Amino acid sequence: MSTAAPTPRTDWTVPEKPGLEDLETRWDSHWEEQGTYRFDRTATRDGVFSIDTPPPTVSGSLHVGHVFSYTHTDTIARYQRMRGKSVFYPMGWDDNGLPTERRVQNYYGVQCDPSLPYDPAMPTPTPMSERPKEEQKKLPVNISRRNFIELCNLLTTEDEKAFEQLFRTLGLSVDWSRTYATIDDHCRRVAQRAFLHNLDRDEAYQAEAPVLWDVDFRCAVAQAELEDREMPGAYHRIPFVHTGTGEPIFIETTRPELIAACVSLVAHPDDERYQPLFGTTVRSPLFGVEVEIRAHELADPEKGSGIAMICTFGDITDVTWWRELQLDTRPIVTDNGRIASEVPEWIAAGGPDAIAAYEKLAGKTVKQAQVLIVELLREAGALDGEPKPITHPVKFYEKGDRPLEILTSRQWYLRNGGRDLELRGALLERGSELHWHPGHMRVRYENWVNGLNGDWLVSRQRFFGVSFPIWYPLDADGQPMHDSPIRAEEAALPVDPATDTPQGYDESQRDQPGGFTGDPDVMDTWATSSLTPQIATGWGEDPDLFERTFPMDLRPQAHEIIRTWLFSTAVRSHLEHDSLPWRNAGISGWVLDPDRKKMSKSKGNVVTPLHLLEQYGADAVRYWAASGRPGTDTTFDEGQMKIGRRLSIKLLNASRFALGLGSADGSAVVHDASAVTEPLDRAMLADLARLVDDTTAAFDGYDYARALERTESFFWQFCDQYLELVKTRAYGSRGDHAAASAQAALQLALSTLLRLFAPFLPFVTEEIWSWWQEGSVHTAPWPDASELRERAADGDPLAFAMGAEVLSAARRAKTEAKRSLKWPVELIAVADTGARAAALQSVVADVQEAANAESVTVDLAAESAVTVTLAAEPDGA
RNA sequence: GGGCGUUUGGCUCAGUUGGUUAGAGCAUCUCCCUUACAAGGAGAGGGUCGGGGGUUCGAAUCCCUCAACGCCCA
């Protein structure tokens, strides 16, 4: 592929009144017709640049945060395309998960019941909003999982159209023929296939273990989905009675309602107060259950009385103690967040009083139980003083409203290095193989991997999502045999074990003793999202495409999901392909509101982008976005959009000038680049060559913002200084030869600048390009500095700088004298050092004309000085 | 409590390996309707680079320390 500047047409015309109106619609449909951004799949891997686009969540609407980060990616995509790469730039939609599930439930008044069979003839329900009032009060209709997913597809398709339209208006150079949705069959097939491979390699396993449980969602929650929230609580000082001495041992707890679940007391091994008691026992108040006093380093002598009650389970430290001290399991909280209604055996053993006390708590929520038990303790004289209010961090599911409980249950896990130092080391190594932009983001990855304390919990007790492609045989009592799961055939994927029948069985055997039952859980949404590279590149389904695009070149994403999305994707690829999923990670910052707070739906400070695109135009909005440094949080600033718009208008006008020169009738005069003979023109081109070097290096380092800043800064110099200096000569004041030099340089410079701006301002650059060039600027070659240097020949950037400096001095003199800029100058006397004086001398004729000066003298001196003498009166005044 | 990042004129930001009077744009003020551009142009004023200490001939730029803010994790 040639990298020389494309040859202009010879029949160009320049619009009389160029404008920015309607560019988006016009060029978007043109690009679509021309297939400008189609992936060329004849390209081999080294000629491809592939992008693992983040699939936005399809619920609600896009906001400026999307516009911001997706623009960053697009500038890189456009740069790589101009560098001759076949850019693989698909778009995904994340319509998997709770938000979609809830929307479909409310919109259609339905509820998923996975036990129901699929009804292929089910009519689409009338949306709730279109139903009569009295009908809206009816209970939701239960439908099968497959029918439910079909409704999800139906509803999200509409949202996806709106998203695509907005992204098109923004000018993303996505190949819109390549989209995927995370609930579609393809994605579910990939997720299930990857899971089966993990299972075959023993990377996926099930275990009965304590899990953090959201009692409202009735669902297990993974480490990555946790957050701490500061919550009010109170320390309750409660005596346990020592079985030997009869003395009270005071513990302090924030969760007195769990006394019935107490399995031990614990103190620090070095704590002299309690050392004599280790190995002896106490009885719990109210229930009289005998528990042992144990020693463990995690007990904090400074906290409360220094001795703590271990329950199964009150918090995650209890889990550690329970595991390391091999304690009994005595759960009393059930999956709905209430105290179990049946009296547990260890309580029943305590006699009628214990049973009576427990029965008062049974069936209550933990919150109600706490109030009750405080009363009971007080009545029994087992509460020392009043509870002391404190504020402490409590674990929540990030989308949940009530504190998490800890329950034991059977779940699927995926190995991620959380319990395996060797795997952890390998994943850390992957992190250092990856090129991070900016580099310091790697540390977040490393911190996360080093802080893992368990494998990845991937099963969720939800209805909607990708099912595990697994059934279990039932024994003669109808109990599932979890140790011998029946895996689905790969060719049959995707499957829904709730309605599909495993091979070797008949549907009539479902849930019958000796028959089979489907795994009831679905996968964590990250289990699908972590496979976006495999989904996009056709892993396992289109080996030819996979070969050309994987591992991908770039994963663009935001920094707060390094621990989730980026890490989990690295895990899946490491396990499946023994490689990184991509070579580069481009991490975008956030958009902050003017108070420097992150824009988020929950804060209500979100700005939607549609009106911005209408008001300022896509190029201007992109200009603002591309000004945000990689990885840096950026303040939302409409002022930047105004500047972007001004820049676009300036481009139109400067182009109109440059291309309108040289002929009276407006038709084109194409100059051979060898026509560039004047020192000023050569100096400008030499300067431009440096700019091309700079911006190319910046883009190669994924620093689009730097590339934009450099280009913009050059462009304003170009307009304010160069155009003014050559204007009269370009019109022909010093003959055809000198004019041709200017015109040729202007054409080459404009061609170069349009291509440098194209990744940022795709619409206005394409518009101008279409005036005088063949094809699209977006598939034109990226500018070549060596070509410019060749044309610049002996050009010295200093000559351009000197010309600009002296012209500025003349302008300053006129402005300070309150004269117009065309006011004549009698004399400009310049004194300067050797090299600077010589550089100026070479362009002195251009300076003289631009300043409208009678004469310009250049003398050698040790110090620079410019003296401007204005004419007394303008000619003809 | 740990990690990462940020702190430059009224506002939003540049400042690449330490080096000439710290740069833009917006805003402010002054001037100019000059045939690419009045949704424009030319110019001016305004900061000593969060505080303190150190290294150096020389630091916004390197080191130490403190502070504020943001994010992530305990």
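Chain A is the first sequence line, chain B the second, and so forth, proteins listed ahead of strands; every chain is numbered from 1. Please read all numbers here as calculations on a predicted model, not as lab measurements. Values reported hereafter were calculated over all heavy atoms of this structure, with side chains retained and with hydrogens, waters and symmetry mates removed.
When the P atom of B:A39 is taken as reference, atom CD of A:Q615 falls 16 Å away, rounded to whole Å.
Checking the phosphate oxygens (OP1, OP2) of B:G41, a side-chain nitrogen or oxygen of A:K650 falls inside 4.0 Å.
Judged purely by distance below 3.5 Å, without hydrogens or angles, the side chains of A:D633 and A:H559 pair a donor atom with an acceptor atom. A donor-acceptor contact closer than 3.5 angstrom links the side chains of A:D524 and A:W456.
With sequence neighbours left out, the side chain to side chain donor-acceptor pair (under 3.5 Å) criterion links A:W565 to no other residue.
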List the atom pairs, donor and acceptor, that lie under 3.5 Å between side-chain atoms in residues 636-644 of chain A and the rest of the protein, sequence neighbours left out.
from	atom 1	to	atom 2	distance (Å)
A:D637	OD1	A:G639	N	2.9
A:E638	OE1	A:Y616	OH	2.5

Counting only pairs under 3.5 Å, give me each side-chain donor-acceptor contact of residues 801-817 of chain A, with atom names and distances, residues two or more places apart or in other chains.
from	atom 1	to	atom 2	distance (Å)
A:E805	OE2	A:R836	NH2	3.0
A:S808	OG	A:A804	O	3.2
A:R811	NH1	A:Q721	OE1	3.4
A:R811	NH2	A:D720	O	2.8
A:K814	NZ	A:L821	O	2.8
A:K814	NZ	A:W823	O	2.9
A:K814	NZ	A:A851	O	2.8
A:T815	OG1	A:R811	O	3.0

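The separation of B:G47 from B:C63, taken at their P atoms, amounts to 29 Å, rounded to a whole angstrom. Going from the P atom of B:G1 to that of B:C26 covers 45 Å, rounded to whole Å.
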- Encode nucleotides 26-31 of chain B as B, S and - characters from 5' to 3', where the letter depends on protein heavy atoms closer than 4.0 Å: B to the base, S only to sugar-phosphate, - to neither. S---SS

- Query: Reading nucleotides 5-15 of chain B 5' to 3', which nucleotides get B (base under 4.0 Å from a protein heavy atom), which S (sugar-phosphate only), which -?
  - Reply: S------SSS-

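Side-chain rings of A:F699 and A:F760 approach one another, their centers coming within less than 6.0 Å.
Nucleic acid contact for A:E724: base, since at least one base atom lies under 4.0 Å from a heavy atom of the residue.
Put simply, the side chain of A:S568 never gets that close to the backbone of A:L566: no donor and acceptor are under 3.5 Å apart. Judged by distance alone, with hydrogens and angles left aside, the side-chain atoms of A:D214 form no donor-acceptor pair with the main-chain N or O of A:G400 at under 3.5 Å.
Counted within 6.0 Å of CZ on A:R419, heavy atoms from surrounding residues, nucleotides or ligands total 12 or fewer; the atom is thus considered open.
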- Bracket string, RNA chain B, 5' to 3' - pairs by Watson-Crick or G-U geometry under 3.5 Å, | interstrand: (((((((..((((.....[...)))).(((((.......))))).....(((((..]....)))))))))))).

